[in-house]
Every structure is written in structure tokens, then in C-alpha cells.
Amino acid sequence: DRWRRGGLEHGFGALAQMGEIALIKTARLDDGDGNGPDAGDVITYTYTATNTGNVVLTDIGLTEDDVLFSGANATPAPVRVSGGSDEDNDGAADDLNPGASMTFSATYVVAQADMDAGQITNQAIVRGLPPSGPAISDLSDDDSQTQNEPTVLQLSTQAQIGVAKSAGAPIGNSDGTFDVTYTIAVENTGNVNLSALQLTDDLTSADQLGSAFVSVRGPPQVVLVDVSGIATEPTVNAAYDGGVAATNLLAGNDGLLAPGDGYVVTVTVQIDPNASGAPASLNNTAIGSGARRLGGRVSDASDNGSDPTVN
């Protein structure tokens, strides 16, 4: 078309054909058991692909980027749930007119390794064919059609350990001392794995058994409580002597507890309640600890009893 104004002739060029597409991806965690985020919960991903150009796009396809996916389980597989039309008459509603959108969905089951990492990162890519030229594509963003940032779902992690300690009935010895077997129960009460397990019990301390402590009757014994199937037993510190030279009952550089896993340590101690300066009440507290993948350690001082989940 041409038109005249002020003696000048102007021309309008044809509107340029532009094939463009944008992808937005969101994530929602479903806490199916109602006890906070943990392994086994399901993430639902929603993908919205929009034709942001001015030409029809056909054969729209959507995949997750395996390289960018940080999850420990299989990469989510998106499927179309709504939108789209059959503009190329191939029998599939996988085409988009300008301005139209298509929605996809995928689910992912959270693994324990994901909880330990504290987040899951992934990004999808959408592709489509314009009327001419090569296929066009777009990497997903979590809230913008013009950006391409991966979707990061933060997982609320809680590293926590519980310890309980109980004393068996005293067994008298001929010299007036007594043998007492202590049982220490430890459990991972959080939602992330704990490693490098340690258990400390200084029986010689003045606020513990003090001068009433005589000796340890042999090295500690450990029994693993493997609920998850992946727990590993910590190594006993054979040199543990109640605190005279060694206060740690474990080696401290091994052992693994998944959430709900635990271990039980028993150690028999010789006590002289009539020793000079012995405390009137023979109280004793052990401290259990473990390391988390994201750094740092968590610990707990024992409560009286046999249930480490009560604090």
C-alpha cells in the first residue's frame, strides 16, 4: 500500500513473520503424609508454553534437560494436559496459534539424596516449527516469558538427632563397688542423613560420676537399628575408658543414619558410691552428634529413659 502526505509518497512494508515461543515452569511440593518435607513426597511441575510470535507453530514438544536436573531419581517426563490445536491436520493437537498456550504436567518423587542436598534444580526446553525455517525453542523460567532461569525448589531440611540414656540395676562386687550397665539409644529424628557419628560420655567429670567412677568393664557394644535399609554401623572406639584418657565411645569418622535410623550402645561401668568426694546423686549425660551433607554438625544431650525421640 502507498499513501501521500505533504507531497511525499510513503510505503508500508509487509509485517515481518516472527516465530517465537516462551516457557514458564513452576513447582509445587505435596506433603502427602503431613509431617513436613521428606523423602517420598511428590513434586508436581506445571509447564505453560505460549506462542509469543505472529505465526502458527506446529509440532510443539517439551522435554526436561537431563544435564541441568539435579534430582536423584529419574528425570520428570512432561505430558500435555490442555491447550493446543491441530493446525497442520496431522491428527495431533500439538500446534499453537499466535497468543495461544499449551499446558504440560509432570511429577517427581523426592529422594533422600534430594533432601540432603536441600533443593532440586531443573529446567525444561520447548520446541516448535514455524511455517518456514528451522525449529525454534526456549528454555523455561519460573515466572518470566523473557528470561531463562532454572526452576529451583527449596526443600525445608531439618538436621536433628535424639539421645536417651538409661541405667540397669546395679550388681554388687565383693569390694563394695557396683557394676552398672548403661544403655544409650540414638536416633536420627530429622529429615536428612547424618554421618560421621559420635557419642561422648565423660564419666569422670565432677558433674557426672566424678570420683565415684572406677573403670569401664570392656569396650562399648553397638547394635544398629536400620529402618531405612541404608544405615551403616559406626565403629566403636576400643580405647574408650570413661574419660580418663578418652571420652568418645565411637571412632567418629564413619556410620550413617537415614531419618528414623538409630543405634544402641551399651557399656558396663564400675562405680564406687562410697569413694571420697563422690556425688550424692550419680547423674550422667551422654552427647550424640552427627554431620549433615550441607555442613555443620547437630548434637543432643541425653534424656533419661529409652526413647531418643523425647526431648
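None of the values given here were measured: they were computed from a predicted structure. This chain uses plain numbering: 1 for the first residue, then up along the sequence.
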Hey, mind stepping through T183 and T266 against side chain to side chain donor-acceptor pair (under 3.5 Å) and telling me if it holds?
CA-CA 5 Å; T183 300; T266 56; 5.9 Å; no

Main-chain N/O of Q145 paired to Q147 side chain as donor or acceptor, under 3.5 Å
no

Would you confirm whether T50, through its side chain, and T52, through its main-chain N or O, come within 3.5 Å as a donor-acceptor pair?
no

Closest non-hydrogen atoms of P76 and T107, given as atom of the first, atom of the second and distance, are CB-O, 4.0 Å

Report the C-alpha distance between V236 and Q221 in whole Å, list the side-chain angles of each, state the deciding distance to 0.1 Å, and finish with yes or no for side chain to side chain contact (heavy atoms under 4.5 Å, CB included).
CA-CA 7 Å; V236 165; Q221 302 296 311; over 6 Å; no

Take N122 and Y108 through the side chain to side chain donor-acceptor pair (under 3.5 Å) test and state the conclusion after the steps.
CA-CA 11 Å; N122 55 347; Y108 174 78; over 6 Å; no

Are F178 and P273 close enough that some pair of their side-chain heavy atoms sits under 4.5 Å apart?
yes

Looking at every heavy atom in both S211 and G277, which two are closest together, and how far apart are they?
OG-C, 3.1 Å

Quick check for you: to the nearest 0.5 Å, what is the distance between L29 atom CG and I43 atom CD1?
5.5 Å

Using 0.5 Å steps for rounding, measure from the CG atom of L199 to the OG1 atom of T247.
10.0 Å

Side chain to side chain donor-acceptor pair (under 3.5 Å), that's the test. Do D179 and T268 meet it? Break it down for me.
CA-CA 6 Å; D179 285 351; T268 300; over 6 Å; no

Quick check: do T44 and S105 have side-chain heavy atoms less than 4.5 Å from each other?
yes

Same cluster (ILVMFWY, side-chain, under 4.5 Å), L209 and V265
yes

Is it true that E187 and T189 share a donor-acceptor pair across their side chains at a distance under 3.5 Å?
no

Picking from T63, D65, L68, what satisfies side chain to side chain contact (heavy atoms under 4.5 Å, CB included) with I125?
T63

Show the numbers, then the answer: is there a side chain to side chain donor-acceptor pair (under 3.5 Å) between N97 and N51?
CA-CA 7 Å; N97 283 303; N51 183 343; over 6 Å; no

Tell me whether L282 shares a hydrophobic cluster with V180, the cluster being built from Ile, Leu, Val, Met, Phe, Trp, Tyr side chains joined at under 4.5 Å.
yes

Single-linkage hydrophobic cluster V56~I21, side-chain heavy atoms < 4.5 angstrom
no

To the nearest 0.5 Å, tell me how far I161 CD1 sits from I287 CD1.
11.5 Å

My understanding is that only residues two or more places apart in sequence, or in another chain, count here; which of them pass salt bridge (Lys or Arg N to Asp or Glu O under 4.0 Å) with D30?
R28

Taking Q208 for the side chain and F213 for the main chain, is one N or O donor matched with an acceptor at less than 3.5 Å?
no

Residues at least two apart in sequence or cross-chain that pass ring-ring contact (aromatic ring centres under 6.0 Å, His included) with Y47, listed by chain then number, are none

Could you pull out the closest heavy-atom pair between T48 and S101, with the gap in Å?
CG2-CB, 4.1 Å

Are L139 and I120 grouped together when hydrophobic residues (ILVMFWY) are joined by side-chain heavy atoms under 4.5 angstrom apart?
no

Main chain of T146, side chain of S144: is a donor-acceptor contact present, judged purely on distance under 3.5 Å?
yes

Once side-chain contact (heavy atoms from CB on, under 4.5 Å) is applied, do any residues pair with A246, and if so which ones, sequence neighbours excluded?
N237, D241

Output all residues satisfying ring-ring contact (aromatic ring centres under 6.0 Å, His included) with Y182, sequence neighbours left out; order by chain, then residue number.
none

Spell out, as yes or no, whether a donor-acceptor pair under 3.5 Å connects the side chain of N191 to the backbone of P37.
yes

Over all heavy atoms of both residues, which pair between V298 and A159 is shortest? Give the atoms and the distance, please.
CG1-O, 3.3 Å

Once rounded to the nearest 0.5 Å, what's the spacing between atom CG of L203 and atom OH of Y240?
3.5 Å

For L256 and L194: C-alpha separation, side-chain torsions, deciding distance, then whether side chain to side chain contact (heavy atoms under 4.5 Å, CB included) applies.
CA-CA 6 Å; L256 173 71; L194 297 177; over 6 Å; no

Is there a side-chain contact between D254 and P234, using heavy atoms and a 4.5 Å cut-off?
yes

Minimal non-hydrogen separation, I60 against G128, with atom names
CD1-CA, 3.8 Å

Under the rule for salt bridge (Lys or Arg N to Asp or Glu O under 4.0 Å), what residues qualify as partners of E64, not counting sequence neighbours?
K25

Please confirm whether the backbone N or O of V109 pairs with a side-chain atom of N73, one donor and one acceptor, at under 3.5 Å?
yes

Under the side chain to side chain contact (heavy atoms under 4.5 Å, CB included) criterion, do T157 and R292 qualify, and how do the steps go?
CA-CA 10 Å; T157 61; R292 60 176 300 179; 3.0 Å; yes

Without swapping roles, check the side chain of Y263 against the backbone of V222 for a donor-acceptor pair under 3.5 Å.
no

Find the distance between CG (D207) and CG (N283) and round it off to the nearest 0.5 Å.
9.0 Å

Under 3.5 Å donor-acceptor, D300 side chain and Q160 backbone:
no

Would you sort out whether D95 and D86 count as a side chain to side chain contact (heavy atoms under 4.5 Å, CB included), showing the intermediate values?
CA-CA 6 Å; D95 309 326; D86 184 12; 3.8 Å; yes

Could you tell me whether the side chain of N173 and the main chain of G176 form a donor-acceptor pair under 3.5 Å?
no

Would you compute the distance between atom OG1 of T232 and atom CG of L257 and round it to the nearest 0.5 angstrom?
7.5 Å

By side-chain contact (heavy atoms from CB on, under 4.5 Å) - contacts of S289 (at least two apart):
Q198, R297, S299

hydrophobic_cluster_shared for F69 and I24, side chain cutoff 4.5 Å:
no

V244 vs V216 side-chain heavy atoms within contact, under 4.5 Å
no

Heavy-atom donor-acceptor pair, N188 side chain to D261 backbone, under 3.5 Å:
no

Smallest heavy-atom separation, A164 atom then S306 atom, equals CB-C, 3.8 Å

